[in-house]
Amino acid sequence: MIGAMTGSLIITGLGPGDPCMVTPEVTAALAQATDILGYIPYVARIAPRPGVTLHASDNREELTRARAALMLAAEGRRPVIVSSGDPGVFAMASAVFEALEGRPDWQMLDIRVLPGITAMLAAAAAAGAPLGHDFCAINLSDNLKPFAVIEERVRAAAGADFAMAFYNPRSASRPEGFGRVLAILRNTCTTDRLITFARAVSTPDQRITTVTLAEATPEMADMRTVVILGNAATRRVGRFVYTPRSAA
Ligand code: SAH
């Protein structure tokens, strides 16, 4: 058959950390892999075994990693890419499709994306139901977009009273941005708005802290934290935080 390729590539998400949150579909994909590719800490979650080559690489190398996986697939191996959480949320799936642009040969491969439990959903479940009404997710890393775009989106989402989940809120190389986001939120929302800092969700280090916007400080977040801002109706009940199903 002209142009047909039989190689396969599977793009997976390992969930937030707890092995129980890896889906059976992802477990099966990993079991048949010849090669597992991903960012160093994610590949470290895979138990080595004979017959499978682990390719751990640094972050910021997404496109190179995607091309390496596609080349392995084209050679007839069975590569599996691992992301944390869900592979389509600020992760590898988009990088693979970007690598397919202008490569009709790679577009013929059997490529599948297997969903995973993304950090904001595991965090929301641990806190109660803060994402129970309309919400959006914003990546606060300015590695791949200007910070002005982040500020504009946060302002727009606050103006429309969306609850928000913030990924990559604060890192050693980007210590300032999250403070600026908090300042925008304090100017746009009332300061009694609830904000939940969910760190290392589903791991032994898990810590969930809910405060008001007035009490929130940048130091409450790091790279293992997903931050969930409630909407105007988000409230506490007992030890839980939830957003009612109806608009405020
Ligand atoms: N694809 C991943 C997100 C990758 S971006 C997903 O769907 O979850 C990395 C960011 O995800 C981190 O900076 C943090 O904001 C969030 N994150 C990932 N795992 C987390 C966990 N177990 N607990 C809290 N936040 C987490």
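Because only heavy atoms are used, hydrogens play no part in the values below, and waters and symmetry mates are left out as well, while side chains stay in.
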Just to verify, which of V82, T12, V80 counts as forming a side-chain contact (heavy atoms from CB on, under 4.5 Å) with V26?
T12
Where do A163 and L131 come nearest, in terms of heavy atoms and distance?
CB-CD2, 4.3 Å
Could you go through the side-chain contact (heavy atoms from CB on, under 4.5 Å) check for W106 and V96 one step at a time?
CA-CA 10 Å; W106 285 348; V96 171; over 6 Å; no
How close do H133 and S246 get, heavy atom to heavy atom, and via which atoms?
CE1-C, 3.9 Å
Counting C-beta onward and ignoring hydrogens, is there a side-chain heavy-atom pair between T243 and D134 closer than 4.5 Å?
no
Q206 versus R199: any side-chain heavy-atom pair under 4.5 Å?
no
Where the side chain of R235 meets the backbone of A233, is there a donor-acceptor pair that is under 3.5 Å apart?
yes
Evaluate whether atom CD of Q32 has more than 12 neighbouring non-hydrogen atoms of other residues, nucleotides or ligands under 6.0 angstrom away.
yes
Where do D86 and I117 land on the side-chain contact (heavy atoms from CB on, under 4.5 Å) test, with the steps shown first?
CA-CA 6 Å; D86 180 89; I117 297 176; over 6 Å; no
All heavy atoms of A99 vs all of L70, minimum pair found to be CB-CD1, 3.7 Å
Determine whether a donor-acceptor pair (N or O, by modelled atom type, separation under 3.5 Å) exists between the side chain of R193 and the backbone of G230.
yes
Using modelled atom types and a 3.5 Å cut-off, is there a donor and acceptor pairing between side-chain atoms of R236 and backbone atoms of Y242?
no
In this structure, is the centre-to-centre distance between the rings of F90 and Y167 below 6.0 Å?
yes
Decide yes or no for R170 and P218: does some side-chain heavy atom of the first lie under 4.5 Å from some side-chain heavy atom of the second?
yes
Decide yes or no on side chain to side chain donor-acceptor pair (under 3.5 Å) for H55 and D35, but give the supporting numbers first.
CA-CA 7 Å; H55 308 254; D35 298 84; 2.8 Å; yes
Among side-chain atoms of N139 and S141, is any donor-acceptor pair under 3.5 angstrom?
no
Report, as yes or no, whether the 6.0 Å neighbourhood of atom CZ on R245 holds more than 12 heavy atoms from other residues, nucleotides or ligands.
no
State whether the side chain of D142 and the backbone N or O of K145 hold a donor-acceptor pair below 3.5 Å, judged by distance alone.
no
Please indicate whether R45 has more than 12 foreign heavy atoms, meaning atoms of other residues, nucleotides or ligands, lying under 6.0 Å from its CZ.
yes
Please give me the minimum heavy-atom distance between C136 and A157, naming the atom from each residue.
SG-CB, 3.7 Å
Taking the side chain as every heavy atom from C-beta outward, state whether L30 and V52 have any atom pair closer than 4.5 Å.
no
I'd like to know if the side chain of T34 pairs up with that of R78 as donor and acceptor (distance under 3.5 Å, no hydrogens or angles considered).
no
Main chain of T212, side chain of E215: is a donor-acceptor contact present, judged purely on distance under 3.5 Å?
yes
Is it true that atom CZ of R103 has more than 12 heavy atoms of other residues, nucleotides or ligands lying nearer than 6.0 Å?
yes
Considering all heavy atoms, the nearest G128-P130 contact
C-CD, 3.6 Å
State, yes or no, whether a side-chain contact exists between I228 and M164 at a heavy-atom distance under 4.5 Å.
no
Is it true that a side-chain atom of T225 and a backbone atom of A198 form a donor plus acceptor pair closer than 3.5 Å?
no
Would you say Q107's side chain and L100's backbone share a donor-acceptor pair under 3.5 angstrom?
yes
Flag side-chain contact, heavy atom, 4.5 Å: E151 against I184:
yes
V211 and M220 have their tightest heavy-atom pair at CG2-SD, 4.2 Å
Is any side-chain heavy atom of L213 closer than 4.5 Å to one of C189?
yes
Below 4.5 Å, heavy atoms only, C-beta onward: do L37 and S57 meet side chain to side chain?
no
Test side-chain contact (heavy atoms from CB on, under 4.5 Å), reference V113, set I11, I10, L9, output is I11
Could you walk me through whether N168 and F178 pass the side-chain contact (heavy atoms from CB on, under 4.5 Å) check?
CA-CA 9 Å; N168 295 306; F178 186 56; over 6 Å; no
